[in-house]
Amino acid sequence: MIRRAAALVLLLAAALLVACGGGDDGPSGEPTSEPKGPVIRLGTKNFSEQFILGELYRQALVAKGFRVDLKEDVGSTEIIDAALTIGKLDMYPEYVGVLLSEIAGQKRRPRSAREAYTRAQRFVRSRDQRLLDATPFSNSNALAVKPATARRLGLRSVGDLDDAPGRVEIAAPPEFRTRFEGLLGLRELYGLRNIDVVPTAIGEQYDALDDGLVDVAAVFTTDGQLNAGTYELLDDEKGLFSYQNVAPVVSRKMLDAAPGLADALDAVSAKLTTRAMQAMNAAVDLRGDRPAAVARRFLREHGLV
Amino acid sequence: MLKKEPKWLEAGGSGTVRRTLKRSITARTLVVGIALAALFGAVFLVLVLAIQQQRQAGRLALRSQEAITAGTDLEKSLINMENGLRGYVASGRERLLEPFDAGRRAYPRQVTVLTRLVADEPSQQAAVRRIASDIDDYVALWALPLVQLAGERLPSARSVIATGTGRRRLDALRAQFADLFVRERAVARERELRAEQRSDVAVGIGVAGVALVVLLAIGMWQYLRRAILRPVGVVAGAAEAVAAGDLSVRVPAAREDELGSLARSFNAMTASLERSQAELRRRTAELERSNAELEQYAQMASHDLQAPLATISMYVELLRRRAAESGDEQAAELLGGIHASSGWMRSLIRDLLHLSRVGRGELERETLDTNELLGQVLDNLAGPIRDRGAEIVAGSLPAVQGDGRQLAQVFQNLIGNAIKFSDEEHPHVTVEGVVEGDVVAFLVRDNGIGIDPAQIERIFRPFERLHGEARYEGTGVGLAICRRIVEHHGGEISAEGRPGVGSTFRFTVPRAPGPAAIERPPAPQATMAQ
């Protein structure tokens, strides 16, 4: 009887202790085998093509053993350039023409892609940055209209807008209003005075066009939407929308700190033709694929990863 | 009685441990006590733990509230930054940048505080890390570049604001905050719930523990009752039986513990008592028989001796008369001596017979009026009282219960002695009676020759005489008879005195039953003097 009672007491005490004690589960460490070298802060602007370019460069660099911190959707040219200049980014892909007109503020139109690149390179070097090799593709600005509108208003080229009745509303990203390769250039170079800008998010110009809210949309020549032939581009006979090949702008400091960085990026840039870029843009914008997946597919196809 | 073996005697298990434990009540009580104390300690410990955990849960619940507050502060800093930024870009006035700078200075510390407060929830900690990183990005990749741009080209900065990048960043961050708060509130609720549960558990443990301790205490009490009190009760019952005179009682003594040895000692004691009692009875019976034989013998002897003695006395008297008639004076004188001696012998035998009769057989107990009794005694003693000119003073005496003839004998012997053993011209005797509880104490006081205190014991022995036969007549049996009668009544008799001053005899007799036990002061009532 005593032994039974004692056993009961012990059992009870143990049960109570177990009931009250909480179980701790230790953190399960995930194995990290980070490559060495400085972390490259890679920024991209705020639209699909930039997201794809960012993933292309990031994945290619990671495959080469670099450490990359991809900062997507930093913003428009003005803001991402400021971020690079004040040292918050190490690189981003920029359009040569935009660089020249919007950042360098050069209003003189380049006569060739080569001239544009050379001038842009000269400019960024003055800011302790380097322009790496440019892509074969050029994503120029352009003005798109629906074929029906073109017929109705007799539009063939940008200059024809001057003859359009009443005011012409152009759907465009907000920065279009303050850019030379935008409203400013249209006024200055083409002398257009009847133009208003309807600000839209990038990519939504096509919706505005489709919905009949506007007659004209400011677009990019590599937009996937232009693949289908449902839109016509107005002829830029005065060369306002210049050569917009993409070239990574990299701080010199990072180039020095990460040897082989330029080669790795150049290898990717060399493969980016207009057709390839348009196809990838279409995959993201029209099919809804993820930029990372699209980029990975492309890099695999071209043996870059 | 005790034919049936009590349950506690039934042998339990066969294990050695069990046997050892069974052996000693001390050990068993100790084990049960330690078990109780251990249980109590365990319950107490568990209760303390439960309360601690409840406290901990409460603290955590409070921490969630603090985390939400800290998060709100951080969000405010963020909104301040954006507002400052927008104000600056819209106006171009650097003064308006002040909220931005303040927010930028404040937020890293706020992030640290918030991170510490959500340290217990890894998912929340990750969320805070994400928020912190996004704020860093907001500052590094949006706010600072924008400030830079605004400083260089204000219109460009304004158009950049219009792109909505900053608003998107801010909205995304605020969504993260909202999500963080929702989850932190859920965490807080869960923690409060846990605190309540812990509290319930603590209360439950407390109640269950107390109930268990009480149950075990009751169990222990039952056990003690069964294992100790009941067996002790059996022995106590047996002891009562012994006290009531039943020495044949035995208690079961099969146990091997202290109670077993108690039972064995008890049994040994009763056995010994029984033997002693049997022996005593045997001896008493023997004594009674020999006593009775002796008394019968004495009675028979004295009775049988009387007749021949009377014949001898008669013939001697006859011879003495003839000798006197024949003128033989010498022979007559001798024969006279023989005659006197045989007379003395006859009174000796008579007293002996008397003594042997007193104190035998059943007493006749009746309520007696002592005053009346004393009156008869004084009538009987009228001759000596008159001869000696004695004065007898008696107060009102309480009624007693006893044999009237025998008690009268006591008074007669004592008063007679008082008159007899006095050289005074007028012997003076007082008789008093005082109620003392269940008895009446009588005092017979005189102014006679007194008694040597060293001789007092002797005077109550039969045929003991302190004084010469010639001076005071009597066989010396009177006081012995008095003692026998008083003791036969259950009383005591004693004497005190000093030679030449007088003596006092005191004896007690059961008082008459009933409420009439009124003690009256001894006031002179009957006086006899000649």
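Numbers restart at 1 for each chain; the letters A, B, ... are given by sequence-line order, proteins then strands. Not measured: the values here are computed from a predicted model.
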Rounded to the nearest 0.5 Å, the OG1 atom of B:Thr163 sits from the CD atom of A:Glu78 at a distance of 8.5 Å

Using 0.5 Å steps for rounding, measure from the CZ atom of A:Arg41 to the CG atom of B:Asp137. 10.5 Å

Minimal heavy-atom distance between A:Ile79 and B:Trp142, with the atoms involved, is CD1-O, 3.6 Å

Quick one: CG on A:Asp81 to OG on B:Ser156, what's the gap to the nearest 0.5 Å? 10.5 Å

Contact summary for B:Arg169 and A:Glu72, nearest pair of heavy atoms: NH2-O, 4.3 Å

Please report the shortest heavy-atom distance between B:Pro145 and A:Ala82, naming the atom on each side. O-CB, 3.2 Å

Considering residues, nucleotides and ligands other than B:Arg59, do more than 12 of their heavy atoms fall under 6.0 Å from its CZ? yes

Around atom CZ of A:Phe123, are there more than 12 heavy atoms from other residues, nucleotides or ligands closer than 6.0 Å? yes

Side chain, backbone, both or neither of B:Thr165 within contact of chain A (heavy atoms, under 4.5 Å): side chain

Report yes if the side chains of B:Arg168 and A:Asp73 come closer than 4.5 Å at any heavy-atom pair, otherwise no. yes

For the student: nearest non-hydrogen atoms of B:Ala162 and A:Pro174, plus distance: O-CG, 3.5 Å

Is it the case that over 12 heavy atoms from other parts of the model lie below 6.0 angstrom from the CD atom of B:Glu94? no

Counting neighbours of CZ on B:Arg104 that are heavy atoms of other residues, nucleotides or ligands and sit closer than 6.0 Å, is the number greater than 12? no

Which residues in residues 85-103 of chain A have any heavy atom lying under 4.5 Å from a heavy atom of chain B? A:Ile86, A:Lys88, A:Leu89, A:Glu102

